[in-house]
Amino acid sequence: MTPDEFNALYNSYVNYTGDSLTGYATSARGYDAVWAIALALNTTMSVLEARGGKQLENFTYGDEEMTQLILDSFHNIIFDGVTGRIQFNENGEVLADYKVQQNRGGVKVKVGRYKTELRAIQFDPEVPIIWQDSITGRNVHEPLQTM
């Protein structure tokens with residue numbers, strides 16, 4: 001499903017368009033999260049089947065071995081979700097890209113993307129940032145300093 005298809009389907013389901021609806025902006029991330037969980041569980045099932053013995057249906061919260069297997073399954077997940085490429089690092093954090101927007105008279109304008117994997121903002125050279133004094137600033141294309 002493409003982002004536009006997701007938005008159209010979601011808008012028709014909630015009978016609403018616009019981002020003032022509570023949760024509207026994060027609904028696509030929730031959709032991708034459900035897919036990531038499903039893919040991790042499928043991977044876990046495959047590993048359990050190959051090992052023989054335990055099954056995912058027998059999971060209990062006290063089963064540390066299966067819990068670790070499920071968490072480890074997230075490390076191998078890479079897919080194109082409706083919010084972009086979904087991938088997890090060794091700590092289980094999403095390596096997602098984030099839109100960088102500028103508010104221009106109440107209108108959100110995309111001026112770049114924060115690339116988590118690169119730890120850098122990639123500015124759109126076609127959409128310059130407008131500073132408070134209305135002067136077009138030079139977009140910097142260098143990686144952010146890591147803390």
Side-chain angles (χ1 to χ4, degrees), residues 1-50 56-57 59-61 63-147:
M1 178 178 299
T2 68
D4 289 338
E5 291 169 338
F6 172 82
N7 287 330
L9 184 63
Y10 185 79
N11 290 340
S12 70
Y13 180 75
V14 297
N15 194 27
Y16 184 85
T17 56
D19 56 7
S20 64
L21 179 66
T22 301
Y24 186 84
T26 58
S27 60
R29 291 209 182 279
Y31 180 86
D32 286 347
V34 170
W35 268 105
I37 292 166
L39 292 169
L41 291 174
N42 279 344
T43 300
T44 302
M45 284 175 49
S46 297
V47 171
L48 289 171
E49 285 174 13
L56 192 58
E57 292 86 353
F59 172 78
T60 64
Y61 291 105
D63 189 338
E64 292 180 20
E65 179 187 11
M66 195 179 300
T67 299
Q68 191 59 52
L69 184 59
I70 293 169
L71 292 174
D72 290 345
S73 294
F74 279 95
H75 299 155
N76 299 318
I77 293 175
I78 300 173
F79 70 99
D80 291 323
V82 295
T83 60
R85 182 163 221 93
I86 305 297
Q87 184 176 358
F88 297 87
N89 68 13
E90 65 278 355
N91 298 320
E93 300 163 330
V94 177
L95 296 175
D97 294 346
Y98 298 93
K99 265 192 289 189
V100 177
Q101 297 177 318
Q102 184 177 36
N103 184 337
R104 296 184 184 175
V107 176
K108 296 175 188 174
V109 177
K110 180 182 166 193
V111 294
R113 291 198 74 72
Y114 176 75
K115 309 289 273 182
T116 304
E117 193 170 7
L118 302 174
R119 293 185 173 187
I121 297 175
Q122 293 180 336
F123 290 99
D124 184 343
E126 303 297 318
V127 185
I129 295 172
I130 307 295
W131 299 100
Q132 248 181 347
D133 58 4
S134 298
I135 296 172
T136 302
R138 180 179 69 84
N139 291 334
V140 179
H141 296 272
E142 297 174 8
L144 295 177
Q145 296 296 317
T146 57
M147 296 184 172

Rounded at 0.5 Å granularity, tell me how far [atom1] in [X] sits from [atom2] in [Y].
X   : Y   : atom1 : atom2 : answer
T44 : Q68 : OG1   : CD    : 10.5 Å
L69 : M66 : CG    : CE    : 7.5 Å
Q87 : F79 : CD    : CZ    : 11.0 Å
F6  : Y31 : CZ    : OH    : 7.5 Å

Side chain [X], main chain [Y], donor-acceptor under 3.5 Å:
X    : Y    : answer
Q102 : I130 : yes
D32  : T83  : yes
N89  : N91  : yes

Review point. Take atom CD in E57; do more than 12 heavy atoms of anything else shown fall under 6.0 Å from it?
Key: yes
Would you indicate whether the side-chain heavy atoms of [Y] and [X] approach each other to under 4.5 Å?
X    : Y    : value
V94  : F88  : yes
T67  : Y61  : no
I37  : F74  : yes
I70  : F59  : yes
V111 : R104 : yes

Smallest separation among heavy atoms of [X] and [Y], with atom names:
X    : Y    : value
H75  : E90  : NE2-O, 3.3 Å
Y114 : V100 : N-CG2, 3.8 Å
G81  : I86  : N-CG1, 4.1 Å
A40  : S73  : O-CB, 3.5 Å
L41  : L56  : O-CD2, 3.8 Å

Check your understanding: Between L118 and R113, does a side chain to side chain contact (heavy atoms under 4.5 Å, CB included) hold up when you go through it step by step?
Key -> CA-CA 11 Å; L118 302 174; R113 291 198 74 72; over 6 Å; no
